[in-house]
Amino acid sequence: MKITVTVNGQDHERDVEPRLLLVHFLRDDLGLTGTHWGCDTSNCGVCAVWLDDVPVKSCTVLAVMADGKTVRTVEDLERDGELDPVQKGFSECHGLQCGFCTPGMLMTSRWLLDTNPDPSDEEIRVAISGQLCRCTGYENIVRSVRWAAEHPAVQNTSEPDVTV
Amino acid sequence: MTETPQHHGFGSMRRKEDARFIRGRGTFVDDIKLPGMLHGAILHSPHAHARILSVDTGAAEAHPKVKAVITGEVLAAMGLAWMPTLSGDVQAVLATDKVRFQGQEVAFVIAEDHYSARDAIELINVEYDALPVVSDARTAMDEEAPVIRDDLEGRTDNHIFDWEAGDRARTDEVFAGADVVLSQDMLYPRVHPAPLETCGIVADMDKVTGKLTVWATTQAPHAHRTLYALVTGLPEHKIRVISPDIGGGFGNKVGIYPGYVCSIVGSIVTGKPVKWMEDRSENLMTTSFARDYHMSGSIAATRDGKVLGVRVTTLADHGAFNGTAQPTKFPAGFFHVFTGSYDMQAAHCEVTGVYTNKAPGGVAYACSFRITEAVYLVERLIDLLAAELDVDPAELRLKNLLQPEQFPYTCATGWEYDSGDYATTLRLALDMAGYDALRKEQAEKRARGELMGIGISFFTEAVGAGPRKHMDIMGLGMADGAELRVHPTGKAVLRISVQSQGQGHETTFAQIVAEELGIPADDVEVVHGDTDQTPFGLGTYGSRSTPVSGAATAVVTRKVRERARLVAGAMLEADPGDLEWDAGRWFVRGDRTSGVTIQQIAMAAHGDLELPEGVEGHLDATTVYNPPNLTFPYGAYICVVDVDAGTGKVSVQRFIAVDDCGVRINPMIVEGQVHGGLADGIGMALMQVMAFDEQGNHLGASFMDYLLPTSMECPSWELGATVTPSPHHPLGAKGVGESATVGSPAAVVNAVVDALKPYGVRHADMPLTPANVWRTIQGSPFRTDLAIT
Ligand code: FES
Ligand code: FES
């Protein structure tokens with residue numbers, strides 16, 4: 001089937017099998033490997049992207065369902081060399097370890113802050129509750145999102161520094 | 001350039017590796033795409049035990065996109081149908097005679113894309129003759145149990161090994177003289193580490209150069225290279241194992257799995273690179289599980305609460321092949337460190353390993369070679385004793401904890417604990433928790449009929465395997481190498497043998513060099529995870545990176561510093577013996593203005609300076625670190641839960657964790673490791689289990705059934721620290737990666753049992769799911785490892 005999907009602001013026209021999952025379309029056809037895959041059952045959320053501005057699990061969407069729609073992935077968070085506050089927050093607050101869940105967590109976090117700029121810890125937990133992280137125990141992810149909420153327009157990440 | 005370089009060493013520092021991950025620019029195995037790359041998929045057995053009558057691959061081979069189909073017969077012709085396990089057994093790569101667990105690998109299809117490979121799997125027709133199944137380890141040694149491993153010459157039962165540690169006679173004596181003896185059967189159920197990235201490989205055999213390159217999800221690239229050489233007969237220098245970014249390991253990525261071998265064979269056969277990535281069910285059903293220990297433990301004590309000894313008999317379910325990854329001398333790992341944190345007169349431990357029709361593996365999931373089981377056992381026994389004697393469990397622990405002056409302490413089963421100040425750590429945790437107030441709150445709630453529980457666990461870990469004379473894996477000594485190059489401008493490259501799966505090695509190890517060499521951590525590039533680029537070593541598991549490789553890094557950096565001293569002597573025209581070191585510079589003792597910086601020294605060593613004796617022209621050094629002993633981190637954990645008596649649901653309200661892992665190189669990273677382990681502990685205690693039914697069907701084969709904790713089950717962790725350096729580690733560090741996973745399940749279970757005290761509950765097996773808790777309240781708990789009946 002011929003589809004046209006706008007991914008990160010760019011139109012992509014492809015001929016795909018009807019059964020192709022959006023996650024595989026992004027990773028294999030477009031080479032956007034920032035979006036990951038982690039389960040067979042829509043439980044883990046490492047595949048989260050935006051479809052028409054709402055987070056979805058891209059393993060649970062067929063590529064053909066994205067025809068004529070817009071998709072935003074982790075690769076689009078940094079704009080003009082400027083990191084999104086959620087990206088900075090995750091680095092500031094050690095919100096990632098292996099980094100495998102991170103792209104999905106970042107996309108949900110960005111959406112949360114767009115819809116609720118000052119979320120409580122509980123609201124953050126609820127927002128990411130459909131996504132698993134095996135490394136961080138979630139605590140620092142919550143702190144990272146809080147950091148991003150508190151630093152909506154921080155310019156330039158400084159070099160890593162030491163605070164003993 | 002005379003200014004003193006900035007001193008950048010230990011401390012919480014943002015991670016260097018974050019830059020790529022927050023941009024989605026990590027390189028995980030599945031992100032690797034090579035020209036002409038093919039895709040593999042595995043056909044798995046639906047039966048737990050069945051004879052294979054025939055395998056018909058005709059239709060699969062006829063699929064237009066299929067390039068090859070590999071069966072057990074094909075591998076047998078190459079001598080590769082079986083591979084050695086890490087425990088001296090063999091494991092089928094692809095089944096030839098029988099399948100021995102549900103999900104066992106039967107055939108491997110290679111196709112142009114992974115959808116086609118999966119389609120073709122469906123076209124393979126296998127005829128099976130189903131056999132009786134052993135899915136309950138407790139029946140494995142029954143007379144009528146089918147013999148699972150009839151492939152092994154002369155095998156007439158399912159027994160693997162008997163092993164013991166400690167002094168049986170002395171323990172009997174101590175128990176006979178004790179006022180109080182308590183016993184409890186406990187199951188530490190089978191669980192799975194389930195990293196979010198499943199296991200996988202890209203194998204690329206270059207027929208022209210004869211070089212095999214594999215990108216694999218491995219925690220131990222060097223050990224894998226050697227094992228591939230031994231298994232396949234390929235010369236070791238023609239094998240390069242690259243472990244790129246790894247999406248979590250937790251022990252799951254230590255072993256070599258059939259899919260790896262099939263992909264390598266597939267690349268040799270097709271002449272093309274072959275990628276194979278597990279799906280989630282494959283990961284949960286076939287790769288290294290953990291625990292599955294059926295323990296009958298006892299504790300002996302005086303009436304006034306002095307613990308005298310412990311003993312345990314254990315039935316260890318090792319699945320269909322004995323693939324547990326343990327140091328050779330220790331078939332039950334370090335389980336016999338089960339005297340825990342207490343001064344005891346005697347202990348005796350017996351373990352019997354058996355085969356069952358379940359997946360092989362046996363040690364995985366952040367357990368420090370089975371110390372999880374040991375800590376759980378002793379911490380439950382201590383709580384049982386407290387309940388029996390009607391004393392507060394905190395008080396009972398304080399009464400029996402080892403005292404600082406007893407270190408180094410040799411426990412009843414022979415481990416030499418390096419250092420500790422246990423009571424201080426427990427007191428800090430009790431203070432942080434507001435323990436007395438919590439007990440008051442609990443009493444009030446009980447009076448209102450509400451169920452609240454407070455659970456304590458005090459654990460001692462033994463990590464950093466290990467001393468060469470005691471520890472090897474398949475004959476490979478458990479040492480690690482490090483190599484440090486200092487470029488002319490004073491920037492450095494550190495090459496290490498361990499491999500990060502999220503632990504942040506690129507930052508922590510740079511900080512060690514920074515601390516020891518006085519250059520900023522940003523000036524140190526850490527190279528790891530590539531056997532062509534790094535020195536040999538056994539890899540990252542068992543919390544061994546900092547204890548072993550961290551030590552290697554400190555030692556190699558000090559070697560560089562000593563070489564720099566010689567060069568500085570020549571530069572300053574001073575006797576090297578008269579020089580002093582401070583924060584990145586050598587200077588003549590007493591004259592701080594005289595010094596030369598490490599950057600100046602590096603430039604001089606590469607320049608036209610007349611080099612002193614003992615310096616060949618640069619500062620670079622290499623080392624191999626063979627640890628003199630394990631390190632013994634420890635901690636005090638307190639868990640507070642509420643239990644809903646109507647539904648059996650447990651909610652963790654608070655979790656206080658005070659860890660002492662010696663000197664902390666990057667406290668932020670240490671705390672992150674603890675957070676993750678605590679979530680694991682909650683998962684194992686309350687949710688995660690791999691149960692089986694009578695036919696050996698796996699009841700936890702997806703994340704729908706194998707439940708992992710989310711942000712909603714985890715409380716906001718409350719962390720504390722005490723610092724008692726290891727006396728034998730060059731940095732005083734001890735390792736922390738698994739502490740929380742080891743220590744926390746007992747705290748959660750102790751809390752739930754404490755909550756259920758009004759019902760007279762003494763014990764309940766993990767996982768404490770609502771159903772299990774509810775049934776326990778009703779007085780009819782069920783076996784959590786079997787299908788609920
Ligand atoms: S891959 Fe797990 S939810 Fe999409
Ligand atoms: S950082 Fe590893 S899974 Fe979240």
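Each chain gets a letter, A, B and so on, in the order the sequences are listed, and its residues count up from 1.
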**OP:** Let me see the working for Thr710(B) and Arg125(A) under side-chain contact (heavy atoms from CB on, under 4.5 Å), right down to the final yes or no.
**Re:** CA-CA 9 Å; Thr710(B) 72; Arg125(A) 283 182 185 269; over 6 Å; no

Which one of [options] has the most heavy-atom pairs closer than 4.5 Å to chain B?
options	result
Arg143(A), Arg27(A), Gln131(A), Met105(A)	Arg27(A)
Val142(A), Leu77(A), Leu21(A), Asp76(A)	Leu21(A)
Glu75(A), Glu17(A), Arg19(A)	Arg19(A)
Ile128(A), Thr35(A), Leu96(A)	Leu96(A)
Cys93(A), Gly31(A), Cys39(A), Gly34(A)	Cys39(A)

**OP:** Kindly compute the distance separating CD (Glu713(B)) from OG (Ser129(A)), expressed to the nearest 0.5 Å.
**Re:** 9.0 Å

**OP:** Step by step, work out the side-chain contact (heavy atoms from CB on, under 4.5 Å) result for Phe100(A) and Asp245(B).
**Re:** CA-CA 9 Å; Phe100(A) 202 72; Asp245(B) 290 326; over 6 Å; no

Original post:
When you look at Arg280(B) and Thr41(A), which way does the side-chain contact (heavy atoms from CB on, under 4.5 Å) test go after all the steps?
Top reply: CA-CA 9 Å; Arg280(B) 179 55 62 189; Thr41(A) 46; 5.8 Å; no

Could you look at [X] and say if it's the side chain, the backbone, both or neither that has a heavy atom under 4.5 Å from chain B?
X	value
Leu106(A)	side chain
Leu20(A)	both
Gln87(A)	both
Val86(A)	neither

Subject >> Verdict with reasoning, Cys135(A) to Phe250(B), per side-chain contact (heavy atoms from CB on, under 4.5 Å) >> reply: CA-CA 9 Å; Cys135(A) 301; Phe250(B) 318 112; 3.8 Å; yes

Original post:
Between His114(B) and His24(A), does the ring centroid distance fall short of 6.0 Å?
Top reply: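 Ring centres of His24(A) and His114(B) closer than 6.0 Å.
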
**OP:** Check the side chains of Asp40(A) and Ser702(B) for a donor-acceptor pair under 3.5 angstrom, ignoring hydrogens and angles.
**Re:**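 Ser702(B) vs Asp40(A): no donor-acceptor pair found between side chains.
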
